Protein chains: 4
Amino acid sequence: MVLDLCSEGTICMNQFGQFFRITIYGESHGNAIGIVVDGFPAGIFIDVSDFSEDIQRRKPGGIGTTNRVEEDVPILLSGIFLGKSTGAPIHIQFQNKQARSGDYEQQVNIPRPGHADFVAYKKYKGSNDYRGGGHFSGRLTLALVAAGVLAKKLIQPILIHATLLEAGGSRDIEAQIDRALENQNSIGGLVECRILNVPIGLGEPFFDSVESKLSHLIFSIPAIKGIEFGSGFQAASMRGSDHNDQILKADGTTLTNHAGGINGGISNGNEIIFRVAVKPTSSIGSMQESINLKEEQVVKFQIKGRHDACIALRVPVILEACAAIVLADFVLQNKASI
Amino acid sequence: MVLDLCSEGTICMNQFGQFFRITIYGESHGNAIGIVVDGFPAGIFIDVSDFSEDIQRRKPGGIGTTNRVEEDVPILLSGIFLGKSTGAPIHIQFQNKQARSGDYEQQVNIPRPGHADFVAYKKYKGSNDYRGGGHFSGRLTLALVAAGVLAKKLIQPILIHATLLEAGGSRDIEAQIDRALENQNSIGGLVECRILNVPIGLGEPFFDSVESKLSHLIFSIPAIKGIEFGSGFQAASMRGSDHNDQILKADGTTLTNHAGGINGGISNGNEIIFRVAVKPTSSIGSMQESINLKEEQVVKFQIKGRHDACIALRVPVILEACAAIVLADFVLQNKASI
Amino acid sequence: MVLDLCSEGTICMNQFGQFFRITIYGESHGNAIGIVVDGFPAGIFIDVSDFSEDIQRRKPGGIGTTNRVEEDVPILLSGIFLGKSTGAPIHIQFQNKQARSGDYEQQVNIPRPGHADFVAYKKYKGSNDYRGGGHFSGRLTLALVAAGVLAKKLIQPILIHATLLEAGGSRDIEAQIDRALENQNSIGGLVECRILNVPIGLGEPFFDSVESKLSHLIFSIPAIKGIEFGSGFQAASMRGSDHNDQILKADGTTLTNHAGGINGGISNGNEIIFRVAVKPTSSIGSMQESINLKEEQVVKFQIKGRHDACIALRVPVILEACAAIVLADFVLQNKASI
Amino acid sequence: MVLDLCSEGTICMNQFGQFFRITIYGESHGNAIGIVVDGFPAGIFIDVSDFSEDIQRRKPGGIGTTNRVEEDVPILLSGIFLGKSTGAPIHIQFQNKQARSGDYEQQVNIPRPGHADFVAYKKYKGSNDYRGGGHFSGRLTLALVAAGVLAKKLIQPILIHATLLEAGGSRDIEAQIDRALENQNSIGGLVECRILNVPIGLGEPFFDSVESKLSHLIFSIPAIKGIEFGSGFQAASMRGSDHNDQILKADGTTLTNHAGGINGGISNGNEIIFRVAVKPTSSIGSMQESINLKEEQVVKFQIKGRHDACIALRVPVILEACAAIVLADFVLQNKASI
């Protein structure tokens with residue numbers, strides 16, 4: 001009996017962190033999405049307005065982004081009392097109001113190339129919520145951004161700043177986006193993140209290296225297909241005498257920073273630097289081919305609805321949130337030793 | 001009282017996996033290193049000889065590798081009875097016999113550039129075992145390789161194959177190594193891993209995507225500074241119409257494989273492909289500068305002892321082991337749904 | 001900076017389970033409480049009406065229970081689509097409407113004996129939500145009951161049944177409650193739980209024994225102060241020849257069941273039986289003494305508001321929920337081996 | 001293919017703790033048993049002699065205990081350098097030298113009543129190591145005791161003291177044991193544990209209450225069938241006015257201690273008190289009946305070999321170790337807030 005039920009699908013895991021722990025839930029077209037943050041210390045001031053700036057940065061609406069515009073007002077449902085964290089889990093919820101399910105009915109049987117439609121259908125034996133990608137939707141990154149705001153408070157004075165370096169292979173980003181829009185196409189991008197004021201000693205040898213945990217969470221962001229720290233892929237063609245960062249002072253300051261601020265998986269006190277590759281949005285307006293899963297034949301189709309021509313434009317603030325969440329986890333782990 | 005003790009250092013975490021769980025221990029110059037594998041099903045044949053091939057592939061001794069040669073015989077201490085796994089934890093131990101601590105005494109106060117010496121000293125307030133990198137030593141990858149052998153048994157018929165594509169920026173790898181050896185220098189490399197016969201549906205949405213868990217474990221391998229899946233960093237300059245992999249058949253076969261076999265964090269049944277950047281070995285024979293932490297002044301010094309000119313040569317089998325361990329974790333998680 | 005913030009409190013952990021994972025949040029007098037269930041397989045029918053019976057059983061309102069009556073309508077916010085589970089996290093939320101904060105203002109400085117008021121104040125440095133016990137409130141057991149409903153679906157055909165055996169030391173329970181009410185006092189109780197149709201092999205040697213995980217979750221229920229399996233404390237005065245359960249058949253059926261259906265931490269296929277001791281409700285109407293934390297002097301005070309004379313009356317359905325959650329965790333872990 | 005292998009058994013989990021983490025391995029008649037302690041801070045003095053007293057207390061050999069006498073010398077294989085912890089995982093190993101496998105061959109097909117023989121056979125489909133209980137053996141508690149020694153160092157000035165209150169239902173313990181030995185029988189016992197100098201605020205609301213984690217680990221000790229905190233089962237027949245512990249001082253000192261030092265799952269600064277019920281040893285010398293699993297018929301048989309008439313005699317030091325391990329986990333979690 002149990003086996004029959006269970007063979008319908010598989011369990012999934014929507015939690016991250018050992019000390020600063022997040023649990024995410026929701027679907028693109030459900031009533032609400034949200035995140036529960038556990039492990040957040042008591043006594044820290046939190047106000048709805050704290051979330052405005054980062055939520056605004058993530059918001060679509062500018063050139064090259066989808067025109068689905070949600071209000072994105074965070075509802076703080078628990079863990080806050082008299083304007084301060086209580087030590088209990090903090091639950092941040094966002095209502096979905098602008099969902100237009102009709103746009104996606106076509107996709108029930110025709111998995112969109114580059115999307116999770118096909119794997120979700122197979123993994124959950126057809127029980128998945130296919131509307132707008134369901135639980136796989138990029139909309140859930142809004143919850144990450146909200147958790148990131150809390151994490152940023154916790155890790156002060158550590159500062160995180162991410163920027164879009166290139167889109168479509170060029171630094172003239174606007175021109176690239178214009179061209180993509182013209183052609184009902186999309187483009188990828190390269191985003192860099194720099195972290196300042198990092199204490200020495202964050203991260204753990206082996207399995208919980210700074211690179212391990214950052215990459216783990218960052219690959220949760222839809223569309224990320226690569227990550228490199230410091231000199232990254234360039235290091236593969238360097239010599240040791242060039243790559244080694246000479247230590248100049250007893251506080252660990254180095255002459256160069258090919259290591260990206262991390263040795264042996266542990267922060268060395270210098271700036272942490274990494275870059276991620278963002279693939280072009282899979283949803284494009286032009287005609288495509290795919291398979292109709294019911295009829296088992298190749299079909300032509302077109303994706304309607306609202307999409308981003310360059311999702312990479314919205315990645316920096318999400319990347320910062322992920323970095324902040326990972327650092328908050330390390331900071332809590334490391335507290336007593338600082 | 002407690003606080004005093006604890007302020008001496010911080011806790012660390014040496015476990016990985018939720019279902020196929022590994023716990024690693026040991027130091028480069030201690031008596032032994034090893035790994036405990038928990039979650040391994042009962043009834044699978046295991047023999048000491050199963051480990052020979054992969055241990056041999058990891059072994060140094062060839063051109064461009066250190067000449068510290070350990071016997072590396074796995075001692076199977078628990079979890080195996082009458083030639084089969086019992087369902088209890090399997091403990092694989094390796095004795096250290098060729099440790100030459102004398103080589104490293106110089107490093108007590110002079111942290112080697114590019115190594116974990118400085119961060120380990122700071123993180124553990126000087127209590128770390130500094131001999132040969134201690135717990136940060138690459139020697140511990142031997143334990144990963146051993147656990148990988150068990151994982152490979154478990155994930156059949158999935159096949160994993162990693163190869164060194166380039167060293168020092170060139171495909172003429174031997175020439176690059178010769179030159180590095182001549183100059184008492186070292187070189188980095190680029191390693192590719194391909195995974196065949198992957199079932200559809202491994203991985204979890206969001207936090208336990210295939211990319212998340214693979215990158216998490218793979219960044220545990222010393223010297224890895226970047227990872228990319230499918231088209232990876234190239235995707236950042238591609239257009240959606242080029243990057244989208246057209247689905248050709250109802251079994252999920254795609255025309256191209258820019259996604260590297262993964263959509264939405266879930267395996268799509270096509271080949272999983274990823275590449276990692278291996279930095280040049282930090283230990284080089286030529287004269288370098290660093291800081292003397294006791295005297296707080298810059299000093300010149302030279303690293304003696306046995307080192308790899310191109311550690312990337314030894315990475316493929318370790319990369320395979322990590323991939324196998326992650327896949328074993330996913331396969332156990334996914335069992336009932338296949 | 002970080003240290004200052006963090007010294008205001010400590011992290012807490014509100015998650016349970018490795019495979020069937022629950023995350024709980026909310027406070028007695030906040031806007032809502034709820035639970036996120038992760039790891040629930042796709043394709044199982046779920047309807048709001050499924051929750052009615054167990055929620056009704058937990059509801060106060062009868063003789064001997066508080067007269068705070070909430071509607072307790074579960075809001076299913078995610079993880080369900082077209083009437084079935086999708087494989088994504090299921091979020092069940094309950095709104096708080098009948099909270100009367102005024103009742104509790106007295107407790108800000110005067111911790112009630114037997115309650116968490118004092119420890120919460122100390123642990124969270126005064127930032128805790130003290131209204132009605134805040135996050136420590138028995139109201140959160142409503143969320144456990146809701147998660148239990150999902151768990152019960154998953155573990156079919158396993159059946160769980162808990163009953164109140166005694167209250168105030170007597171089997172004439174009504175008389176005991178009447179007397180307690182008369183005296184503005186409260187009474188404890190003894191609750192027994194029996195689990196039928198248990199497959200052989202649930203539980204894990206050592207740390208995840210059936211007793212370990214059941215007791216772990218059950219001690220989360222406020223007011224539980226003891227648990228015993230099978231003959232329990234009586235076993236302490238028995239002889240081995242009396243306690244050993246003779247195995248009668250190859251299917252594991254035993255003549256007696258002193259072990260309560262568990263050997264070596266693993267279910268043996270016989271009925272699992274355990275009993276818990278429920279302490280008398282700490283909130284009583286009669287005059288008590290405590291310390292005023294601000295003025296540091298002993299004061300007399302009386303608790304007003306709505307309370308249970310015998311909280312043990314409401315424990316059985318919560319106990320069943322906890323047992324179901326633990327068994328669901330084991331069943332998912334064990335799936336492939338049944 | 002995978003499914004076939006996996007259907008041979010199930011995964012098991014041999015780890016405990018979130019911050020002070022232990023991984024246990026080994027079998028009664030294998031080459032060695034041991035434990036890996038992760039999360040132990042650097043800089044704490046550790047010497048082999050630190051383990052002597054507790055190992056001696058656990059040792060059999062006295063009246064009422066088995067005469068299998070192992071040397072039980074702890075081998076410290078990693079994580080210690082120059083006499084101090086390094087911050088890396090500490091591995092403590094014990095060799096098995098006195099194993100007499102011949103004693104147990106009879107049990108291959110005849111599961112002993114009260115033992116894990118039957119469930120282990122079923123759970124692992126006959127692949128389990130049946131010699132002396134294999135991984136289910138009480139011998140593994142030696143590893144717990146060793147980890148407990150490390151934990152006790154960490155939690156200073158907290159003191160833990162456990163004592164045997166009763167055996168076979170009487171406080172004249174020696175007489176009870178003599179009688180059991182005469183009759184080739186065994187007896188149970190009642191063990192009490194008291195913990196002094198506990199800081200306020202250990203434990204977490206809901207799922208990681210002090211009672212939850214203590215009971216979780218303590219039910220890992222073979223033969224424990226019940227646990228109660230403070231007044232425990234007696235509380236079930238008490239009234240609130242009697243059970244409530246009046247708070248006398250602003251430091252939390254209470255007049256009585258019915259709560260056993262824990263409110264709302266959190267330590268309140270008073271002594272933590274709990275008692276456990278230890279069942280009589282299942283191995284007895286007198287004739288018993290069981291089922292022969294191969295021939296599927298009831299048979300008479302006698303257990304030979306070395307056994308304890310009163311295993312409860314050896315429980316106190318193991319109970320202390322478990323309590324210390326749990327408290328170490330809480331202390332590390334709580335560090336910054338003390």
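Within every chain, numbering begins at 1; the chains are lettered A, B, ... in the order of the sequence lines, protein sequences first and strands thereafter. Keep in mind it's a predicted model, so treat the numbers as computed, not measured.
For C:I24, the part lying under 4.5 angstrom from a heavy atom of chain A is the backbone only. Using a 4.5 Å cut-off between heavy atoms, C:Q15 touches chain A through backbone and side chain atoms alike.
For the ring pair (Phe, Tyr, Trp, His ring centres under 6.0 Å) test, residues two or more places apart in sequence or in another chain that qualify with A:Y25 are A:H91, C:H91.
If you take NZ on C:K123 and OG1 on A:T86, they are separated by 12.0 Å, rounding to the nearest 0.5 Å.
Residue with the most contacts toward chain A among C:D129, C:N31, C:N128: C:D129 (heavy-atom pairs, distance under 4.5 Å).
In this structure, C:S85 and A:S127 approach most closely via the heavy-atom pair O-CB, 3.5 Å.
Taking 4.5 Å as the limit, every side-chain heavy atom of A:T23 sits out of range of all side-chain heavy atoms of C:R21. Taking 4.5 Å as the limit, every side-chain heavy atom of C:F81 sits out of range of all side-chain heavy atoms of A:E27. With contacts defined as side-chain heavy-atom distances shorter than 4.5 Å, the pair C:S78/A:H135 does not qualify.
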